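Take a look at the structure set out below.
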Amino acid sequence: MLMVWQSDTLISPSPVWYACASDVGVKGGSELKKNTIKQQAAALHGFESSALARRVVLAVAFTNGFVIMAIQLLGGRIMAPYFGSSVYVWGSIITVFMLSLSLGYLAGGRLSTRQPDVRMFASFFLASAILCLPIIFFAEPVMSQIFVVVEDPRYGSLLTAGLLYFLPICVMGMVSPYSVRLLVRSQEGSGGVAGMLYFVSTMGSALGTLGTSFYFVLWFDLDQVMWGCVLALLSCGAAMTWVNQHVNTANRQSGAK
Amino acid sequence: MRSVSACLIVLVVLWFGLDNRAVAQRTIIHEERSQYRDVVVTEFNNQRCMLFNVHRGDMNQTCIDLRDPKRLVFNYTRMSFAGLLLNPDPQRILVAGLGGGTIPMVMRELFPAARIDVLEVDPAVLTVAKAYFNFVEDEQLVNHVVDARVFIKRAGLRGEQYDYIVLDAFSGEYIPEHMLTQEFLQEVSQILTPDGVLVANTFASSRLYDYESVTYRAVFGEFFNFKTAGSGNRIILAKKQALPSIASLNAPARQLFERLQPYGINLLEYPAQLSTRPDWDVDTRVLTDQYSPANLLN
């Protein structure tokens, strides 16, 4: 327990991040609540106190936001040959993405409350990468089937968007609340942590939108950009796994001293 | 200080003065709210025009001459009737892109027995075409409020065929990228009768010229390229069968000349202006559903 506190002073976080999410003023808070958070944090074995770990979590949150919007923009182009590019096709896509994200937030938040585990967090990225593969391999057959069965392009596009995007985007939505949980060290600092994570992930979304609509579609095939997204998600999973082992090793070493 | 306020006053007067002049030039007689972009009807100099994105200074989509409503105002609209050189007597006509309904209405008058389907995705354009541009639907001429690609794909599944197809959905600021691709043109080819003709209004300037040219070439092989001086448009005339010789087009031109004259179309001039010679970069990449950044290339 004490180790967690002491390690606060050992890390040298980047100034911006630290200003947002530092635990300054935590001593004025309720001792009881503070203890609860600390006890749960113990399950993470000091993960949230490692400066490196924090930076990696921010980086994967950024990438996650980036990939979500890249996939959304590609979605409009993937579906246009079957359902047109009318307003309601975009309406379908945005509806499904928002619905998936909202349920993902809910599920990710729930999962984070008991026994938060960095390995589970890493597995979100592996899962979403795998769930993106049907978009590459099965979008055509799925759409040609739905095109025949559903005459109205509004419901055709809604059904297609639901089938192709619900699961991967839902899992990507789980990343956000879970990453808050991984980084929060005190109740007082939780808003700062959440704000910082919203900041980087939404910044990622902004750049993902810009990059995809301005450049990627000009440089690559749609499927190539999708593969880029899959690779980015896998890299996030790998980075989290690596940093988790790194922190655990460091903890063992400092525990041995 | 005083001179600054004087400058400001001068600027304000100039601003409103210019603004008033713009309004005097072009009277807005109707604005129709749309899901896509508001449709504006203006009148100036005895011309009534339909515009999109009027505040950004977009060009006229379609215009009619109020003194002589039959006469076609735009060169590219007249040019699109060059398709009649390749199929002088169409029976099943498909027009993608309504605008003011000029092309389908002229076709309706020229070929009373023909069955004409028009595709327009924006219901506001249909409303305005009917109210201000004399567009009338009847049992022979029907507009479908649908994305043209969706309609054409479905028509292909139903096995329907047309012997005269006009693609004119590309005017305005935003280009529907899914209607420039090889896959789309293959779907169009599927609903084209063996002796039918495809008339496509495309971009003559910008990098898209090369991209569109190689894509049409990939699907239809050699096609007639139709450009006239002073027009920002290029008309592509394509067939599934081999193209006839240009000399053989003079006969249908003479045959139809008188019927097209009231619309201001001089069909006799057209055959000599057709060309099959590629004047584009033939190494350009073909546009596909996987790669169609048309709005970035324009």
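Only a predicted model underlies this, so the values are computations on that prediction, with no experimental measurement involved. Chain naming here is simple, since letters A, B, ... match the order of the sequence lines and numbering starts at 1 in each.
Taking a 6.0 Å sphere around OH of A:Y155, one finds it holds 12 or fewer heavy atoms contributed by other residues, nucleotides or ligands. Atom CD of A:Q145 has 12 or fewer heavy atoms from other residues, nucleotides or ligands within 6.0 Å. Counting heavy-atom neighbours within 6.0 Å of B:R158 CZ, excluding the residue itself, gives a total above 12. Within a 6.0 Å sphere centred on CZ of A:R154, other residues, nucleotides and ligands contribute 12 heavy atoms or fewer.
Between A:Y82 and B:V150 the shortest side-chain heavy-atom distance does not fall below 4.5 Å. A heavy-atom distance below 4.5 Å is found between the side chains of A:P81 and B:R149.
Judged by distance alone, the side chain of B:Y291 and the main-chain N or O of A:L218 form a donor-acceptor pair under 3.5 Å.
The line from CD of B:Q290 to CE of A:M226 is 10.5 Å long, rounded to the nearest 0.5 Å. Going from atom CE of B:M179 over to atom OG of A:S85 covers 6.0 Å, rounded to the nearest 0.5 Å. To the nearest 0.5 Å, atoms CZ (A:F83) and CG (B:D147) are separated by 11.5 Å. Separating the CD1 atom in A:I78 from the CG atom in B:D289 is a distance of 10.5 Å, to the nearest 0.5 Å. Between the CG atom in A:L222 and the OG atom in B:S292 there is a gap of 9.0 Å [rounded to 0.5 Å].
For A:F147, the parts lying near chain B are the backbone and the side chain together; criterion is any non-hydrogen pair under 4.5 Å. At a 4.5 Å heavy-atom cutoff, the contact between B:R285 and chain A is made by side-chain atoms alone. Looking at B:F184, there are no atoms closer than 4.5 Å to chain A (heavy atoms on both sides), in backbone or side chain. Interface remark: B:Q35 contributes backbone and side-chain atoms alike to the contact with chain A (heavy atom separation under 4.5 Å).
Scanning both residues, A:S86 and B:V121, for their nearest heavy atoms gives OG-CG2, 3.8 Å. Residues B:E177 and A:R77 approach most closely at OE1-NH2, 2.6 Å, considering heavy atoms.
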